[in-house]
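Everything on this sheet refers to the single structure shown next.
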Amino acid sequence: NLVEIGKTIGKNESIYELKDKATNKYYQDVFEMGYDGSVVLNTGDEAQTLLEQLQQEPEASKYGKFLSDQPIIFWQDMLGNWRVFVKSKYQSLAECGKPVIYLYPEEQVDVHVQVRPNGGFTITDPDYGKNGWLVKAKPNGELYNYADNKIYPYLFWEGKAYSEDYAIPESGFVMERQNVGKEMTGILIKAGLNEKETVDFLDFWLPKMTVKPYVFVRFIDRAVFDEMAPLYITPKPDTVIRVFMDFRNLDEKIEAKKPVVKTPIRNGFTVVEWGGKLN
């Protein structure tokens with residue numbers, strides 16, 4: 001089911017693609033996984049605007065562009081093994097689940113907050129608007145949103161993001177289902193969350209983390225998350241804590257090295273954000 005489309009440089013070996021690529025499920029899966037992300041991440045335009053434009057474009061048109069880019073190629077090595085290569089730009093965007101942002105200024109102050117997931121937003125609450133959120137923040141964390149004149153406990157967003165440096169750490173925490181709540185409470189407190197933030201975190205994530213006998217929890221490096229979803233706050237905070245989790249539910253227990261978790265110190269105007277990768 002292969003058709004030759006070219007030769008390698010040097011050894012002049014044949015390179016192939018599938019004859020039935022237009023209807024082949026493997027091509028369709030790669031397209032659904034990574035086409036939109038590749039368009040957004042390989043242009044200098046605003047991600048949210050591009051995503052909205054992509055939603056308006058017919059699927060057949062987008063799929064035609066995808067196929068014409070020769071996204072998948074096949075090559076047979078000297079041992080007779082077939083190798084499949086997928087263009088690296090067709091990678092799925094990480095779907096960021098319920099990141100929430102808490103603001104704790106030392107005194108009541110107006111705060112402008114912008115977060116820019118490089119794959120665009122899917123939900124924001126309150127409405128993000130064109131230039132981000134403008135709120136009156138109190139030391140106890142209460143936020144008055146000027147756009148709708150309502151009070152919020154935090155700023156909420158969901159979206160999609162990607163980083164070339166995104167790599168799930170090998171070290172993490174393996175927990176039995178019945179112990180997840182207790183063990184995650186200790187881990188989150190050590191990671192810098194306070195009691196209320198930890199309760200909010202577990203209210204959202206615990207049901208998703210306890211669907212199988214075990215769960216493997218890892219935390220993405222702060223620098224990587226900053227690249228995926230840069231956060232801009234004015235006035236500039238003294239302390240920023242961003243906790244982003246990646247987890248996998250397991251049928252059986254695995255062995256993993258536990259990472260060292262360093263507890264940040266909250267000094268001055270403190271901003272706390274937690275979220276995770278939806279599976």
Side-chain angles (χ1 to χ4, degrees), residues 36-57 93-166 192-193 196-197 200-201 204 220 222-244 266-278:
D36 286 359
S38 73
V39 174
V40 170
L41 297 170
N42 287 281
T43 70
D45 295 329
E46 177 64 34
Q48 190 66 29
T49 301
L50 270 174
L51 283 175
E52 291 171 359
Q53 293 173 354
L54 283 168
Q55 290 171 359
Q56 300 301 318
E57 185 177 353
L93 296 172
E95 189 168 357
C96 305
K98 201 184 178 181
V100 297
I101 302 169
Y102 305 85
L103 307 175
Y104 303 104
E106 293 185 288
E107 57 185 24
Q108 182 172 290
V109 64
D110 286 348
V111 182
H112 183 216
V113 180
Q114 292 180 307
V115 61
R116 297 174 183 171
N118 54 22
F121 291 114
T122 53
I123 305 172
T124 64
D125 190 35
D127 183 72
Y128 188 78
K130 292 184 178 181
N131 298 305
W133 295 291
L134 179 61
V135 297
K136 180 185 292 182
K138 294 183 178 181
N140 65 359
E142 182 180 283
L143 306 176
Y144 171 79
N145 183 48
Y146 283 101
D148 60 8
N149 301 314
K150 293 182 180 180
I151 302 296
Y152 293 85
Y154 47 66
L155 303 172
F156 158 68
W157 66 273
E158 284 187 352
K160 297 187 176 183
Y162 167 78
S163 167
E164 292 185 356
D165 296 322
Y166 187 88
L193 273 59
K196 178 186 180 303
E197 295 154 6
D200 291 345
F201 182 103
F204 181 79
I220 304 306
R222 162 73 187 277
V224 174
F225 190 50
D226 285 345
E227 180 185 347
M228 295 168 61
L231 181 63
Y232 306 94
I233 298 176
T234 305
K236 185 177 180 180
D238 301 295
T239 304
V240 177
I241 299 170
R242 305 187 84 187
V243 176
F244 190 77
R266 298 190 182 208
N267 286 322
F269 176 17
T270 298
V271 173
V272 178
E273 180 183 25
W274 59 253
K277 183 176 180 291
L278 290 171

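Owing to the predicted nature of the structure, the values given are computational and were not obtained by experimental measurement.
With a 4.5 Å cut-off on side-chain heavy atoms, L231 and R242 count as touching. Put simply, the side chain of I233 reaches to within 4.5 Å of the side chain of V271, judged on heavy atoms. With contacts defined as side-chain heavy-atom distances shorter than 4.5 Å, the pair E158/P99 qualifies. No side-chain heavy atom of V100 sits less than 4.5 Å from a side-chain heavy atom of L155. Within the 4.5 Å cutoff, no side-chain heavy atoms of V240 are placed close to those of E273. Residues I151 and E142 meet the side-chain proximity criterion, which asks for heavy atoms closer than 4.5 Å. Considering only heavy atoms from C-beta on, D238 stays 4.5 Å or farther from T270 through its side chain.
Side-chain atoms of W274 and Y102 include a donor-acceptor pair closer than 3.5 Å. Using a 3.5 Å distance cut-off with no hydrogens or angles, the side chains of Y154 and D200 do not pair a donor with an acceptor. With 3.5 Å as the limit, one finds a donor-acceptor pair spanning the side chains of Y144 and N149.
Counting all heavy atoms, side chain and backbone alike, A137 lies closest to V111 at CB-CG2, 3.9 Å. For the pair K138 and P105, the tightest heavy-atom approach, listed with the atom from each and the gap, is O-CD, 3.3 Å. Of all heavy-atom pairs between G192 and I241, the closest is O-CD1, 3.8 Å. Taking every heavy atom of both residues into account, P139 and E107 meet most closely at CG-CA, 3.8 Å.
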Item to complete: I would like to know whether L193 and V243 meet side chain to side chain contact (heavy atoms under 4.5 Å, CB included); could you show each step before the answer?
Response: CA-CA 9 Å; L193 273 59; V243 176; 3.6 Å; yes

Fill in: Pair W133-H112, side chain to side chain contact (heavy atoms under 4.5 Å, CB included): steps then yes or no
CA-CA 6 Å; W133 295 291; H112 183 216; 5.9 Å; no

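Atom CZ of F244 sits about 7.0 Å away from atom CD1 of I220, to the nearest 0.5 Å. To the nearest 0.5 Å, the span separating OG1 on T234 from CG on D110 amounts to 12.0 Å. E227 CD to R222 CZ: the interatomic distance, rounded to the nearest 0.5 Å, is 13.5 Å.
Tested against W157, the residues I123, D125, I101 include a single side chain to side chain contact (heavy atoms under 4.5 Å, CB included) partner, I101.
Note: Y128 and F121 have tilted aromatic rings, judged against thresholds of 30 and 60 degrees for the angle between ring planes.
Under the 4.0 Å criterion applied to side-chain N and carboxylate O atoms, R266 and E197 are assigned as salt-bridge partners.
At distances below 3.5 Å, at least one donor-acceptor pair connects side-chain atoms of T239 with backbone N or O atoms of N267.
Figure legend: R116 and Y232 shown as a cation-pi pair, the cationic atom lying under 6.0 angstrom from the six-membered ring centre and within 45 degrees of its axis.
Within a 6.0 Å sphere centred on NZ of K98, other residues, nucleotides and ligands contribute more than 12 heavy atoms.
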